[in-house]
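Okay, so here's the structure we're looking at.
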Amino acid sequence: MKEKFDKIVNSKFGRTADRLCNSVWYIVAFGFVCVLSHTFDIPVVGVLLLTVLLVPALLFCKNSFVLVPFLTMCTFIMSEETKPQSGYYGKPLYIVVLCIALVLLLVAFVFNIVYYKKWKCIFKRGYLTISLAVVTGFLVIGGLGAPSMSWTGVGMALAISVTMFLPYTLLINCGEYNGRKTVEYFAWAMIAAAVVIFFAVVKQYAIHDINLKNPDKDLIVFGYAISNTAAAFVVIALPITFYMVYIYKRGYLFLIVVALELITIAFTFSRTSLLVALPGSIIVAVWLCFKKKTGRLGYYIAFGIAVVAVLAVAIVLRQQIFDLVKKLFSGNTTLSGRTNLWKSGFSAWKSYPVFGLGIWYLPPINNWYYSFHCTPLTYLYCTGFLGLLAYLYHRYRTVRLTFSAKLTPERVFVALCILAMLCNAMLDIAMTMPPHLLYYGIMLALIECDVKATKRDMQQKEAPASASDNTAEDSDNAAADRVQPEKGEVQ
């Protein structure tokens with residue numbers, strides 16, 4: 001049986017499928033399916049199409065990084081009209097179709113793990129394995145002894161644990177990291193995800209005719225996320241889009257994508273994402289003026305045009321912009337109620353400081369998971385001070401890992417993606433949302449793989465030098481041995 005599979009996998013068809021799944025067109029296909037199913041409210045069709053795309057990758061691709069497009073966009077097929085709470089999936093036909101798709105994906109995934117012998121290494125310990133295990137462990141037992149602990153909370157904690165840990169361990173142990181090629185593949189996936197969200201925003205504005213002077217954020221919902229959490233996806237995509245600006249000679253063309261991502265964030269009216277995205281983009285754009293190596297003149301021109309255009313718009317529409325910003329941030333002295341939320345959480349946590357209140361202490365609002373909108377405080381209140389220590393230990397390990405080898409552009413920009421996510425999560429819930437944590441697990445794996453590759457390259461460069469030094473030393477010793485002492489000379 002294995003011989004038959006070998007022939008199929010190594011056939012022209014199998015090699016072509018492998019090559020296509022590792023191309024940009026494969027990522028574009030995922031994005032197109034997500035836009036299609038979300039725009040026309042046909043998620044079941046979207047699930048079938050995603051299955052058609054993913055099964056060949058599982059059958060013919062050994063490299064687990066080919067799963068990145070699916071992991072980053074699998075949740076985007078759901079619209080507000082077809083989210084699970086709407087009862088859309090209750091029809092018997094839809095249930096049957098979804099079960100068939102699930103079975104096909106599970107069989108293909110098991111085949112991938114067994115045929116390519118990934119089961120031998122998939123759970124091999126990585127640098128961050130222990131810290132991730134400790135963090136997720138405290139999430140699961142968070143609220144121990146408190147009346148607010150519930151099986152629903154345990155289920156959410158397990159979902160958080162799986163989505164944080166599985167992409168990480170799968171990619172570091174079963175992925176074939178190829179430096180720039182792999183990070184560029186991730187960058188295209190993130191750009192595709194941002195474009196999908198852009199079209200989702202366009203759809204909501206087209207349907208509801210949202211008034212920009214007095215926007216109703218409750219109308220900016222997408223099924224897989226509300227405005228704030230959707231904008232958080234785009235915030236993560238911004239730094240890796242700048243990576244494309246950096247590596248390509250005509251990378252300044254990707255500034256158009258950066259502008260599109262900033263517009264998408266702006267029209268979600270997510271204040272937290274804007275506070276992270278705008279200054280962050282300015283800092284990185286200015287930094288690239290000094291660091292970009294190829295196509296610098298084109299970048300200078302494009303960057304200068306962008307600055308002039310922004311200033312011109314700001315001057316011409318200054319009153320409208322001022323009124324909109326004032327409306328957007330009106331009453332923000334209490335951070336939209338966040339400080340009151342933090343105070344109430346602190347009052348409740350004081351009674352259960354060791355294991356906290358549990359991840360489900362705050363009930364969901366409008367069927368959406370809710371938390372304390374600040375990652376450190378969420379860990380403190382939900383898992384106690386032990387859980388917070390575990391999270392801080394994990395943060396220390398990630399920083400140490402990032403700087404444990406000579407920095408590369410790939411690792412710097414992926415680390416900036418994580419930094420953007422963490423900054424956003426200081427006032428939001430991205431670090432405790434399973435869809436966002438899929439991104440987090442992927443980015444951790446990319447950083448660790450890059451560290452390993454950098455160290456390996458350095459060792460290979462040092463090895464020939466050491467070998468040549470040893471050869472020279474051996475030659476000198478041999479020459480000395482050939483010189484015989486004269487008679488009567490002390491040996």
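Both backbone and side-chain heavy atoms feed into the values below; hydrogens, waters and symmetry mates do not.
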Next item on the list: Could you go through the side-chain contact (heavy atoms from CB on, under 4.5 Å) check for Leu422 and Met431 one step at a time?
Entry: CA-CA 7 Å; Leu422 293 175; Met431 280 301 293; 3.9 Å; yes

Next item on the list: Would you check if the side chain of His436 reaches a backbone N or O of Pro434 as a donor-acceptor pair within less than 3.5 Å?
Entry: no

Next item on the list: Show the numbers, then the answer: is there a side-chain contact (heavy atoms from CB on, under 4.5 Å) between Ile27 and Ile191?
Entry: CA-CA 10 Å; Ile27 298 171; Ile191 291 172; over 6 Å; no

Note to self: Using modelled atom types and a 3.5 Å cut-off, is there a donor and acceptor pairing between side-chain atoms of Lys292 and backbone atoms of Thr294?
What the structure shows: yes

Item checked: Side chain proximity check, Leu20 to Trp25, heavy atoms < 4.5 angstrom -> no

Next item on the list: Please tell me if the side chains of Ile265 and Leu238 come closer than 4.5 Å, counting only heavy atoms from C-beta onward.
Entry: yes

Checklist line | Neighbour count above 12 (heavy atom, 6.0 Å) for Ile130 CD1 | finding: no

Item checked: Any residue meeting side-chain contact (heavy atoms from CB on, under 4.5 Å) with Ile100, in chain and number order, not counting sequence neighbours -> Val96, Leu104

Check: Should Thr241 and Met190 count as side-chain neighbours, where that means a heavy-atom distance under 4.5 Å?
Finding: no

Checklist line | Closest approach of Ala193 to Tyr439 (non-hydrogen atoms, all atoms of both residues) | finding: CB-OH, 3.8 Å

Note to self: Are the side chains of Lys203 and Ser79 in contact, using a 4.5 Å heavy-atom criterion?
What the structure shows: yes

Next item on the list: Assess the side chains of Asn112 and Lys62: does a donor N or O sit below 3.5 Å from an acceptor N or O?
Entry: no

Item checked: Minimum side-chain heavy-atom gap Arg338-Thr272 below 4.5 Å -> yes

Check: Counting only heavy atoms not in Phe32, do more than 12 fall under 6.0 Å of its CZ?
Finding: no

Notebook entry, point to check: Looking at Phe254, Tyr185, Phe186, Phe413, which hits ring pair (Phe, Tyr, Trp, His ring centres under 6.0 Å) with Tyr243?
Noted result: Phe413

Item checked: Within residues 405-419 or reaching into it, pairs that qualify as salt bridge (Lys or Arg N to Asp or Glu O under 4.0 Å) - sequence neighbours excluded -> Arg411-Asp450

Notebook entry, point to check: Would a 4.5 Å heavy-atom cut-off, applied to side chains only, mark Pro279 and Ser281 as touching?
Noted result: no

Next item on the list: Keeping the roles fixed (side chain from Thr75, backbone from Tyr224), state whether a donor-acceptor pair exists under 3.5 Å.
Entry: no

Notebook entry, point to check: Under 3.5 Å, is there a donor-acceptor pair between the side chain of Asn63 and the main chain of Glu176?
Noted result: yes

List the atom pairs, donor and acceptor, that lie under 3.5 Å between side-chain atoms in residues 157-167 and the rest of the protein, sequence neighbours left out.
{"residue": "Ser161", "atom": "OG", "partner": "Ala157", "partner atom": "O", "Å": "2.7"}
{"residue": "Thr163", "atom": "OG1", "partner": "Ala159", "partner atom": "O", "Å": "2.8"}
{"residue": "Thr163", "atom": "OG1", "partner": "Ile160", "partner atom": "O", "Å": "3.1"}

Next item on the list: Locate the shortest heavy-atom distance separating Cys21 from Val66; write the atom from each residue and the value.
Entry: O-CG2, 3.2 Å

Next item on the list: Output the distance between atom CD (Gln204) and atom CZ (Phe222), rounded to the nearest 0.5 Å.
Entry: 6.0 Å

Margin query: Assess, by modelled atom type and distance only, whether the side chains of Asn173 and Lys118 contain a donor and an acceptor separated by less than 3.5 Å.
Written below: no

Check: OH of Tyr127: more than 12 outside heavy atoms within 6.0 angstrom?
Finding: yes

Notebook entry, point to check: Between the side chain of Asn10 and the main-chain N/O of Asp6, is any donor-acceptor distance below 3.5 Å?
Noted result: yes

Check: Would one find more than 12 heavy atoms of other residues, nucleotides or ligands at under 6.0 Å from atom CH2 of Trp119?
Finding: no

Next item on the list: Would you sort out whether Leu427 and Arg271 count as a side-chain contact (heavy atoms from CB on, under 4.5 Å), showing the intermediate values?
Entry: CA-CA 10 Å; Leu427 294 173; Arg271 287 166 290 191; over 6 Å; no

Item checked: Close side-chain approach of Phe242 and Val258, heavy atoms under 4.5 Å -> yes

Note to self: Per the side-chain hydrogen bond (donor to acceptor under 3.5 Å, both in side chains) rule, what does the pair list look like for residues 383-395, sequence neighbours excluded?
What the structure shows: Ser131-His394, Tyr391-Arg395, His394-Tyr440, Arg395-Thr398, Arg395-Tyr440

Note to self: Is the terminal nitrogen or CZ of Arg15 (NZ for Lys, CZ for Arg) located under 6.0 angstrom from the six-membered ring centre of Phe60 and within 45° of that ring's axis?
What the structure shows: no

Note to self: When you measure from the side chain of Tyr361 to the backbone of Gly143, do you find a donor-acceptor pair of N or O atoms at a distance under 3.5 Å?
What the structure shows: no

Check: For Ile236 and Cys417, which heavy atoms make the closest approach, and how far apart are they?
Finding: O-SG, 3.3 Å

Item checked: Residues in ring pair (Phe, Tyr, Trp, His ring centres under 6.0 Å) contact with Tyr26, at least two apart in sequence or another chain -> Phe30

Next item on the list: Only counting residues at least two apart or in another chain, list the ones meeting salt bridge (Lys or Arg N to Asp or Glu O under 4.0 Å) with Arg180.
Entry: Glu184

Margin query: Checking Tyr177 against Leu446 for the side-chain contact (heavy atoms from CB on, under 4.5 Å) test, could you report, in this order, the C-alpha distance in whole Å, the side-chain angles of both residues, the deciding distance, and whether it holds?
Written below: CA-CA 8 Å; Tyr177 181 77; Leu446 286 171; 4.1 Å; yes

Notebook entry, point to check: Looking at residues at least two apart in the chain, or sitting in another chain, which of them share a salt bridge (Lys or Arg N to Asp or Glu O under 4.0 Å) with Glu448?
Noted result: Lys452

Note to self: Between Asp428 and Thr229, is there a side-chain donor-acceptor contact under 3.5 Å, judged purely by atom types and distance?
What the structure shows: no

Margin query: Quick check: closest heavy atoms across Val451 and Ser404, and the distance to 0.1 Å?
Written below: CG1-OG, 3.3 Å

Margin query: So, taking the atom named CE in Met426 and the one named SG in Cys374, what distance separates them when rounded to the nearest 0.5 Å?
Written below: 4.5 Å

Check: What pairs with Val24 under side-chain contact (heavy atoms from CB on, under 4.5 Å), at least two apart in sequence or on another chain?
Finding: Val28, Trp188

Notebook entry, point to check: What closest approach, in Å, do Ala225 and Phe233 show between heavy atoms, and which atom pair accounts for it?
Noted result: CB-CE1, 4.4 Å

Check: For Val196 and Cys34, which heavy atoms make the closest approach, and how far apart are they?
Finding: CG1-CB, 3.9 Å

Notebook entry, point to check: Donor-acceptor pair, Trp360 side chain versus Met156 backbone, under 3.5 Å?
Noted result: no

Checklist line | Partners passing ring pair (Phe, Tyr, Trp, His ring centres under 6.0 Å) against Phe138 (at least two apart in sequence or in another chain) | finding: none

Note to self: With a 6.0 Å cut-off on the ring centroids, do Phe76 and His38 count as close?
What the structure shows: no

Notebook entry, point to check: By ring pair (Phe, Tyr, Trp, His ring centres under 6.0 Å), which residues pair with Phe372, not counting sequence neighbours?
Noted result: Tyr381

Next item on the list: Sequence neighbours left out, what passes side-chain contact (heavy atoms from CB on, under 4.5 Å) with Ile122? Give chain and number order.
Entry: Ile113, Leu170, Cys174

Checklist line | Test item: Tyr89 side-chain N/O and Thr82 main-chain N/O as donor-acceptor pair under 3.5 Å | finding: yes

Next item on the list: Go through the structure and list residues passing ring pair (Phe, Tyr, Trp, His ring centres under 6.0 Å) with Phe111, not counting sequence neighbours.
Entry: Phe5, Tyr115

Margin query: Quick check: do Leu362 and Leu357 have side-chain heavy atoms less than 4.5 Å from each other?
Written below: no

Next item on the list: Would you check if the side chain of Tyr379 reaches a backbone N or O of Val135 as a donor-acceptor pair within less than 3.5 Å?
Entry: no

Item checked: Side chain Lys83, main chain Met78, donor-acceptor under 3.5 Å -> no

